[in-house]
Amino acid sequence: MNVRRLIPTAATAGAVTLGLLALSACSTSDAASVDGDGRLKVSASFYPMQYLAEQIGGANVTVTPLTKPGVEPHDLELKPRQTAELNDSGLILYLKGVQPAVDEAIEQSDVKYKVDAGTLTRFEHFDGAGGHDHGHGEGHEGESEAEHEEHAAEGEAGHEEHQDEAGADPHVWLDPVKYAEVAKGVGAQMEKADPDHAADYRKNTDALVAKLTALHTDFEQGLKNSSTKTFITTHSAFGYLAARYGLEQEGIAGVDPESEPSPARIKELQGIAKKDKVTTVFFETLASDKTAKTLASDTGLRTDVLDPLEGITDRSKGDDYIEVMRSNLAALQKALGAK
């Protein structure tokens with residue numbers, strides 16, 4: 001058998017097949033955005049985006065999460081099949097800066113509706129201890145409803161400034177108020193991508209915002225009076241939540257849950273724990289609890305879970321965003337001695 005002759009033949013056949021697929025894709029470009037039942041195909045980068053897409057899209061969308069349950073979102077590497085699904089979407093919902101591999105794939109995609117959730121609210125900086133530093137990005141706080149809708153409708157077509165400076169905290173979904181702002185922007189983009197169901201998207205967005213508003217009220221009331229305002233966590237993901245409810249986050253590591261703290265930082269935290277009457281060291285479900293348990297053991301503190309909601313697994317204390325956030329609230333109330 002002449003293998004060398006077979007290779008060019010196979011390559012030619014493959015090229016013909018690819019050419020036919022390309023022609024087919026061009027001729028059905030409009031159909032590529034919906035599934036067989038006419039539902040808008042949405043790709044969501046990780047759980048907080050998936051939840052928004054499902055809640056706002058309802059029965060009118062098919063949502064494909066790029067990050068499977070139990071996978072640490074920051075470490076995600078896309079498989080070829082996932083890249084193909086991404087490029088076949090009618091709308092992509094993601095948060096730029098969280099998942100470099102996803103950002104790269106989306107940048108190369110020619111999908112019309114690419115919605116970066118970070119453009120729909122204001123990003124903030126928090127200092128190394130978890131305190132508020134300063135904001136940057138395209139902020140919409142304090143603007144009129146009309147101005148907000150105008151910004152939301154612009155989607156990905158600008159507002160890239162929130163990524164210009166290193167160190168901005170991306171965990172906006174852990175603040176129900178900011179998450180509601182993002183929800184409004186996502187709803188506006190779904191209306192543009194699928195105008196036939198605009199009324200449904202608007203209704204579902206309003207319902208979700210109402211749930212998030214109720215959650216915000218519960219956090220506000222539940223954390224108003226407490227013995228201490230300081231909590232220690234392995235993952236410095238809760239800067240927005242702390243800023244919203246007048247708390248002080250003390251992170252063992254930084255925004256990266258896998259980074260190791262310095263001996264000096266451990267010693268500093270031991271002093272903070274004693275001074276501020278801290279009772280609990282929090283860890284999360286998708287990263288190691290080793291550091292938290294070591295610090296807790298050294299300082300005589302207990303450990304508990306404070307979930308950054310980057311994914312839902314069997315170990316999550318709830319089946320969805322609202323349930324897990326309420327579990328977070330209960331954990332914080334217990335740790336802070338809320339009255």
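Only heavy atoms go into these numbers, but all of them, side chains included; no hydrogens, no water, no symmetry mates.
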Practice task
Kindly indicate whether the side chain of Tyr94, heavy atoms from C-beta on, has any atom under 4.5 Å from the side chain of Val115.
Solution key: no

Problem - Heavy-atom check, side chain of Leu76 versus side chain of Leu66, under 4.5 Å - result: yes

Practice task
Output yes when Asp194 and Lys41 qualify as a salt bridge under the 4.0 Å nitrogen-oxygen rule, no when they do not.
Solution key: no

Problem - Salt bridge flag under 4.0 Å for residues Lys334 and Asp304 - result: no

Fill in the blank from the handout: Closest non-hydrogen contact found for Ile92 with Ser89 is CG1-CB, 4.0 Å

Handout entry: Close side-chain approach of Met325 to Pro176, heavy-atom, < 4.5 Å
Key = yes

Handout entry: Residues Arg244 and Asp175 bridged, charged N to O under 4.0 Å
Key = yes

Practice task
Mind listing the closest non-hydrogen atom pair of Leu208 and Ala183 along with its distance?
Solution key: CD2-CB, 3.9 Å

Handout entry: Thr228 side, atom OG1; Lys275 side, atom NZ - distance, nearest 0.5 Å
Key = 8.5 Å

Exercise for the section: Taking the side chain as every heavy atom from C-beta outward, state whether Ile322 and Leu212 have any pair of such atoms under 4.5 Å apart. Expected result: yes

Handout entry: Any donor-acceptor pair under 3.5 Å from Glu250 side chain to Phe231 backbone
Key = no

Handout entry: Closest non-hydrogen atom pair between Val61 and Val63, with its separation
Key = CG2-CG2, 3.7 Å

Exercise for the section: State, to 0.1 Å, how close Asp169 and Ser236 come at their nearest heavy-atom pair, and which atoms those are. Expected result: OD2-O, 4.0 Å

Exercise for the section: May I ask whether Val177 and Tyr240 are part of the same hydrophobic cluster, defined by side-chain heavy atoms of I, L, V, M, F, W, Y residues being less than 4.5 angstrom apart, directly or through others? Expected result: no

Handout entry: Spatial distance of atom CD (Gln189) from atom CG (Leu52) [nearest 0.5 Å]
Key = 13.0 Å

Problem - Check against side chain to side chain contact (heavy atoms under 4.5 Å, CB included), Arg326 and Asp218 - result: CA-CA 9 Å; Arg326 291 197 183 282; Asp218 289 345; 2.4 Å; yes

Exercise for the section: Applying side chain to side chain contact (heavy atoms under 4.5 Å, CB included), run through Leu329 and Phe219 and close with a yes or a no. Expected result: CA-CA 6 Å; Leu329 172 58; Phe219 264 84; 3.6 Å; yes

Exercise for the section: Answer yes or no: is there a donor N or O on one side and an acceptor on the other, between the side chain of Asn60 and the main chain of His197, under 3.5 Å? Expected result: no

Problem - Gap separating the NZ atom of Lys224 from the CD atom of Gln221, nearest 0.5 angstrom - result: 4.0 Å

Exercise for the section: Report yes or no: does Tyr47 contribute a side-chain atom to a donor-acceptor pair with the main-chain N or O of Tyr321 at less than 3.5 Å? Expected result: yes

Handout entry: Donor-acceptor side-chain pairing of Asn328 and Asp307 below 3.5 angstrom
Key = no

Problem - From Thr205 atom OG1 to Ile56 atom CD1, the distance as rounded to the nearest 0.5 Å - result: 4.0 Å

Handout entry: Backbone N/O of His74 and side chain of Glu72: donor-acceptor pair under 3.5 Å
Key = yes

Handout entry: Aromatic plane relationship, Phe46 with Trp173 - under 30° parallel, 30 to 60° tilted, over 60° perpendicular
Key = perpendicular

Handout entry: Residues Arg81, Glu85: salt bridge by 4.0 Å N-O rule
Key = yes

Handout entry: Hydrophobic cluster identity match, Ile266 and Ile272, side-chain contacts under 4.5 Å
Key = yes

Exercise for the section: Report the distance from atom CG of Leu247 to atom OG1 of Thr230, rounding to the nearest 0.5 Å. Expected result: 8.5 Å

Exercise for the section: Ignoring hydrogens and angles, tell me if any N or O in the side chain of Tyr201 forms a donor-acceptor pair with the backbone of Val186 under 3.5 Å. Expected result: no

Practice task
Take the angle between the ring planes of Tyr179 and Tyr51 and call it parallel below 30°, perpendicular above 60°, tilted in between.
Solution key: parallel

Handout entry: Donor-acceptor contact present, side-chain Ser316 to main-chain Gly318, <3.5 Å
Key = no

Problem - Atom NZ of Lys339: over 12 foreign heavy atoms under 6.0 Å - result: yes

Completion exercise
Tested for side chain to side chain contact (heavy atoms under 4.5 Å, CB included) against Val209, the lone hit among Gln55, Lys184, Glu181 is Lys184

Practice task
Classify the side-chain pair Glu310/His171 by whether it contains a donor and acceptor separated by less than 3.5 Å.
Solution key: yes

Practice task
Assess whether side chain to side chain contact (heavy atoms under 4.5 Å, CB included) is satisfied between Phe283 and Val305, documenting all intermediate values.
Solution key: CA-CA 5 Å; Phe283 62 94; Val305 171; 3.8 Å; yes

Handout entry: Donor-acceptor pair, side chain of Thr67 and main chain of Ser45, under 3.5 angstrom
Key = yes

Problem - Any donor-acceptor pair under 3.5 Å from Glu323 side chain to Asp319 backbone - result: yes

Problem - Atom pair CD1 (Ile252) and CZ (Phe282), whose distance is rounded to the nearest 0.5 Å - result: 11.5 Å

Exercise for the section: Give a yes or no answer on whether the side chain of Lys178 reaches the backbone of Phe123 with a donor-acceptor pair at less than 3.5 Å. Expected result: no

Handout entry: Residue pair Leu269 / Ile232: nearest heavy atoms and the distance that separates them
Key = O-CD1, 4.2 Å

Practice task
Considering only NZ, NE, NH1 and NH2 on the basic side and carboxylate oxygens on the acidic side, decide whether Arg265 and Glu268 come within less than 4.0 Å.
Solution key: yes

Handout entry: pair Glu54-Asp320: side-chain heavy atoms closer than 4.5 Å
Key = no

Fill in the blank from the handout: Looking only at heavy atoms, the pair that brings Gln50 and Pro65 closest together is OE1-CB, 3.4 Å

Problem - Asp35 side chain to Thr62 side chain, donor-acceptor N/O pair below 3.5 angstrom - result: yes

Handout entry: Thr121 side-chain N/O to Ala117 backbone N/O, donor-acceptor pair under 3.5 Å
Key = no

Handout entry: Side chain proximity check, Ile312 to Pro69, heavy atoms < 4.5 angstrom
Key = no

Exercise for the section: Test side chain to side chain contact (heavy atoms under 4.5 Å, CB included) on Leu332 and Leu306 and set out the steps. Expected result: CA-CA 8 Å; Leu332 282 169; Leu306 197 61; 3.9 Å; yes

